[in-house]
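As structure tokens, the structure follows; a few thoughts come after it.
Bear in mind the structure is a predicted one, so any value in this text is a computation, not a measurement. Values below: all heavy atoms of this structure, side chains included; hydrogens, waters and symmetry mates excluded. Lettering follows sequence order; numbering is per chain, from 1.
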4 protein chains.
Amino acid sequence: MAELNTPSKIIKLVNLKFLHTFVPNEHSLGMSKKEKILRTALELIVKQGIQETPMSQISKVSGVAMGTIYHHFKSKNEIVNAIYIFLKQEMGNALLQEKNKSTDYKSMFFQFWSNLFEFYRRNEQAFKFLQTFSQSPLISSEAKNDGLQYYNPIIRFFQEGLQNKNLKPIDLVLLTETIHGNIISLVQIHFQQTITVNEQIIDQAINMSWNSVANKK
Amino acid sequence: MAELNTPSKIIKLVNLKFLHTFVPNEHSLGMSKKEKILRTALELIVKQGIQETPMSQISKVSGVAMGTIYHHFKSKNEIVNAIYIFLKQEMGNALLQEKNKSTDYKSMFFQFWSNLFEFYRRNEQAFKFLQTFSQSPLISSEAKNDGLQYYNPIIRFFQEGLQNKNLKPIDLVLLTETIHGNIISLVQIHFQQTITVNEQIIDQAINMSWNSVANKK
Amino acid sequence: MAELNTPSKIIKLVNLKFLHTFVPNEHSLGMSKKEKILRTALELIVKQGIQETPMSQISKVSGVAMGTIYHHFKSKNEIVNAIYIFLKQEMGNALLQEKNKSTDYKSMFFQFWSNLFEFYRRNEQAFKFLQTFSQSPLISSEAKNDGLQYYNPIIRFFQEGLQNKNLKPIDLVLLTETIHGNIISLVQIHFQQTITVNEQIIDQAINMSWNSVANKK
Amino acid sequence: MAELNTPSKIIKLVNLKFLHTFVPNEHSLGMSKKEKILRTALELIVKQGIQETPMSQISKVSGVAMGTIYHHFKSKNEIVNAIYIFLKQEMGNALLQEKNKSTDYKSMFFQFWSNLFEFYRRNEQAFKFLQTFSQSPLISSEAKNDGLQYYNPIIRFFQEGLQNKNLKPIDLVLLTETIHGNIISLVQIHFQQTITVNEQIIDQAINMSWNSVANKK
DNA sequence: TATGAATGAGCATTCATTCAT
DNA sequence: AATGAATGAATGCTCATTCAT
């Protein structure tokens, strides 16, 4: 871990960005109605589930009238999809943050891994939302396809590793899904609080990932 | 993989068991009402989601009257919990099937891995149900606790591996979650059908898992 | 009051009678199924209301199977009517108990008054049931007509009082309903426990009734 | 009776008031939705009983959609309580109407008696509703407590009568309940139509009440 | 843009009654 | 007589969406 930049700074940026991304009107002092709706919906849906979150509650908690919500979004489903697309973007941004200048493959692997882990850790709602709804039929295939693009940098990174024999010859899809799964596992442990996820645990986890794919020459 | 027994036979047994476990009345030739309800509910819930599966549909599809469903189960929720508990049991049984007589640690690791993977692969509904509802607040904590016990054999197996230095010194929780996550990842690839999961892919996947934890002496 | 027999002895007789009236089979050591059903229904209906007392609960609490209940009674309604008829009979019996040998009109008035009051006081369930369902359309008009006959002795007693100028010239229906209402009022005070209904209060109450109708010559 | 104002005019006022009390929006020409719901519910519940009056029927008969009913009232129960509270208010108003300027105690007694009798007689639905549900556990204790206050003027009037020896020394609770019971009895006779309740009968009834409590000096 | 009252189809659940044993 | 599993119509209530203002 010593050679890695701590991801905390990166995430702070991400979080600040998060705070304002929903705001289309940069002149408004408060949040735009649209942002209020999305924030409230995300919070309530993660806490309660989609079916357990009536539009009336989103209206009440956000302070935006029912009719206004429907002015901005065609349906409840559209809100869910809007949240999904936004969070995927955020995740994509987090992945690329402060990429280590080093061209050392292992360092870059650690950087990616850490970026994604920290993004999820810092954005519990985002993590839970994406975990719950990534597979859901509620999310349109357009939104899903749109979301896939953000993995492209990683996929390219893995392809490069396979070509350069930094990685063992493993099917690209298997490689991607497994490493992503490893990150998810650690995030889940973190939020379940079964054990405290400290630097040592993170270190163990990243190294498990690395050892599962690294081509020891 | 050559040294591993194919798990397909095991799973067939499990499935047969599955067919009859719900049947309390050994004299009945067909399925008991209770079994019909649970099977239908599992099928519909996996396909459509819980909220999208009205009790009236479970009644119609299963051919069991509404009132009869409520004679056997207190609520829709209780049905979901009953399915959860049953599937966890099945999973627990699958884990222990045809345990290789070999005391070679690696072989046993492969056996466990394969058992669980094959169980999920052969029981798509079980997999999707457990993926979707394992985290859900709909499942009572009693049911969840009950479900945890079935992992005990694996946990003991990992503890033993740590003690005997078969495994690298890794936190036990991290170890368990990560390996389980690896299996899940492969199952998901299988069901998404992005690529065809053949013996070679399975072999790569198990070896990724093994390499991530094996203590190369 | 001094010249009146204490009604307690009377009521004890009534109660004993009550205990056995439901028992058609005098050889049975326990209660008959029919009696168990009626007793349980009375208790539950008074406590919870009719709609809040499902047949299934009557079955469970009485220990008599659903089918058996329907063997003895055509419907839930029939149970309610059976209870009504039985309780009216009991009331009728109570009215006539230990009638004072004295032919003094006032004494006899006091006797009637006291008999009815004590019957209600000793049989809370009977009182509440009759109060609630006497007006109810659930009770068939046959049952209601049947119930009316038990007031005949009182009606005759009042007619006699009117003829003999013991009573003021008051419409017979008004007379009967008002005096009965007076008794009901006292019973209600007793069960509401706003005040403790002791001998003095009872005395005041009977005298109010008497003063409202007595022809002071 | 000659010295008493006929209460009919009073009641007409009450009824007019009744017509408009439910209307919160003074600009609406017709009844408010809320009023339509309450009126319809009162009518149907009195005619059929609570359990026999489904919300769907209230919706259909009132011409207000189901959802709208639940927009205004949290539950069926809340509707029942709203009706109860409203009717108790009406009764309270009726009690105080056109109070005779005379300070003659007997006249005032007759006035109160007549006011309450006429209110019930003119408002059959109110009478039946209150008779049926005043004891019911469906009515919240808050509503019941709220309802009690409307009897205060009468209670004070009786206390005064006891102090001034206009009335015999009778327990206040007994006094109140009995006189109220007498009124109820007459109203019931009226609605049962066993006999026609004309001025003469009313006169007899009030005098029975008065004779039962008056202190003949 | 914004509001929130109004809509009504849809759902989980209940319960009187039946019937095979 | 007795049993209790089975039935399914009926009910209270929810909630995504519309629309008049």
remark   = Between D:His72 and C:Ser56, the residue closer to the 5' end of DNA chain E by nearest nucleotide is D:His72
note = Whichever of C:Lys76 and B:Lys76 has the more 5' nearest nucleotide on DNA chain E, that residue is B:Lys76
ask   = Which heavy-atom pair separates D:Ile37 from D:Ile69 by the least distance, and what is that distance?
value = CD1-CA, 3.8 Å
Span that lies between the P atom of E:dT1 and that of F:dT21, in whole angstrom = 23 Å
ask   = Given A:Ile83 and A:Phe129, is the side chain to side chain contact (heavy atoms under 4.5 Å, CB included) satisfied, shown in steps?
value = CA-CA 9 Å; A:Ile83 295 173; A:Phe129 185 93; 3.6 Å; yes
query = Counting just side-chain N and O atoms, does B:Lys74 come under 4.0 Å of either OP1 or OP2 of E:dT14?
reply = no
query = Does F:dG8 have a Watson-Crick or wobble partner in any strand here, with both distances under 3.5 angstrom, and which is it?
reply = E:dC15
task = With a 3.5 angstrom cut-off on both distances, give the Watson-Crick or G-U wobble partner of E:dG10, or none if there isn't one.
result = F:dC13
ask   = Taking the six-membered ring of C:Phe73, is NZ or CZ of C:Lys34 closer than 6.0 Å to its centre and within 45° of its axis?
value = yes
In this structure, how many angstroms lie between the [atom2] atom of [N] and the [atom1] atom of [X], rounded?
X: A:Phe73; N: F:dT18; atom1: CZ; atom2: P; result: 16 Å
X: D:Ile58; N: F:dT11; atom1: CD1; atom2: P; result: 12 Å
X: C:Ile79; N: E:dC15; atom1: CD1; atom2: P; result: 15 Å
X: C:Met55; N: F:dA6; atom1: CE; atom2: C1'; result: 16 Å
X: C:Gln51; N: E:dT14; atom1: CD; atom2: P; result: 15 Å
X: B:Ile50; N: E:dC11; atom1: CD1; atom2: C1'; result: 14 Å
X: D:Gln57; N: F:dA9; atom1: CD; atom2: C1'; result: 16 Å
X: D:Lys60; N: E:dT7; atom1: NZ; atom2: C1'; result: 15 Å

message = Does either side chain, that of B:Glu52 or that of A:Gln51, offer a donor lying less than 3.5 Å from an acceptor on the other one?
response = yes
message = Whether C:Arg39 and C:Glu43 form a salt bridge (side-chain N of Lys/Arg under 4.0 Å from carboxylate O of Asp/Glu) is what I want to check.
response = no
query = Would you call B:Glu124 and B:Lys128 a salt bridge, using N to O less than 4.0 angstrom?
reply = yes
inquiry  = Within the 4.0 Å heavy-atom criterion, would you say D:Ser75 contacts the bases, only the backbone, or no part of the nucleic acid?
reply    = sugar-phosphate
task = Answer yes or no: is there a donor N or O on one side and an acceptor on the other, between the side chain of D:Thr40 and the main chain of D:Lys36, under 3.5 Å?
result = yes
query = In residues 61-71 of chain C, what residues come within less than 4.0 Å of DNA chain F, judged by heavy atoms?
reply = C:Ala65, C:Met66, C:Gly67, C:Thr68, C:His71
